[in-house]
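Worksheet: the structure to be examined is printed underneath.
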Amino acid sequence: DTLTSTLPGSEDMAWVDGTTVIAGQGSKLFSFRRGDNEWKQLADYSFANISSITRLAVSPSGKWLALVGDIKPQWHPGSRPATAAAHASR
């Protein structure tokens, strides 16, 4: 049986229990529960500079979630990262 379509651009999903599946789309984590009509957003990890969730795993007990994601760089290539010493010399 088809429960739902996957999220566009989503590469990985994980079952939480017998009725709920989670998936990442960009920096956001979504869930779909059997009987629902649509995916529901659970979290947005953009605060942690995650640009794309690429892997998910749920512990057998369902209490723990592991996720892997691509990180947005904090500085641009070619520029030097700021340091406390650089700021102190100004």
Side-chain angles (χ1 to χ4, degrees):
D1 293 339
T2 300
L3 296 176
T4 187
S5 298
T6 57
L7 293 167
S10 181
E11 294 182 8
D12 197 41
M13 314 191 250
W15 284 95
V16 176
D17 54 33
T19 62
T20 306
V21 64
I22 56 173
Q25 183 183 48
S27 64
K28 297 176 181 175
L29 184 66
F30 291 85
S31 72
F32 185 87
R33 185 179 301 271
R34 194 181 305 258
D36 284 351
N37 293 326
E38 60 187 33
W39 288 89
K40 295 179 183 171
Q41 183 177 323
L42 296 176
D44 184 347
Y45 293 99
S46 59
F47 73 91
N49 296 317
I50 294 176
S51 61
S52 179
I53 296 171
T54 58
R55 297 290 180 264
L56 294 167
V58 178
S59 67
S61 68
K63 291 183 179 182
W64 298 98
L65 168 67
L67 66 84
V68 176
D70 295 329
I71 303 288
K72 290 187 231 176
Q74 292 297 303
W75 51 278
H76 299 287
S79 68
R80 296 177 62 197
T83 64
H87 288 290
S89 65
R90 290 186 188 173

Next on the checklist: When you group the ILVMFWY residues by side-chain heavy-atom contacts below 4.5 Å and let the links chain together, are Val21 and Val58 in the same group?
Outcome noted: no

Counting distance only, does the side-chain N/O of [X] pair as donor-acceptor with the main-chain N or O of [Y] below 3.5 Å?
X	Y	answer
Ser51	Asp70	yes
Arg34	Gly18	yes
Gln25	Pro8	yes
Ser10	Gly24	yes

Item to check | Close side-chain approach of Ile71 and Ile50, heavy atoms under 4.5 Å | outcome: yes

Item to check | Side-chain heavy atoms of Ile53 within contact of Asp12, under 4.5 Å | outcome: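 Sidechains of Asp12 and Ile53: no contact.
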
Checklist entry - At their closest point, which heavy atom of Ser31 faces which heavy atom of Thr20, and how far apart are they? => result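 The answer is CB-CG2, 4.2 Å.
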
Item to check | For the student: nearest non-hydrogen atoms of Met13 and Thr6, plus distance | outcome: CE-CG2, 3.6 Å

Next on the checklist: Under the criterion side chain to side chain contact (heavy atoms under 4.5 Å, CB included), I'd like the reasoning laid out for Leu29 against Leu56: C-alpha separation, chi angles, the key distance, then a yes or no.
Outcome noted: CA-CA 10 Å; Leu29 184 66; Leu56 294 167; 3.9 Å; yes

Checklist outcome for this item: Separation between CZ (Phe30) and CG (Leu42), nearest 0.5 Å, reads 8.5 Å

Next on the checklist: What's the separation between atom CG in Leu7 and atom CD1 in Ile22, rounded to the nearest 0.5 Å?
Outcome noted: 11.5 Å

Checklist entry - Going by atom types only, do Thr54 and Ser52 share a side-chain donor-acceptor pair under 3.5 Å? => result no

Item to check | Summary of ring-ring contact (aromatic ring centres under 6.0 Å, His included) pairs that have at least one residue in residues 36-67, sequence neighbours excluded | outcome: Phe32-Trp39

Next on the checklist: For Asn37, is the CG atom crowded, meaning more than 12 foreign heavy atoms sit under 6.0 Å from it?
Outcome noted: no

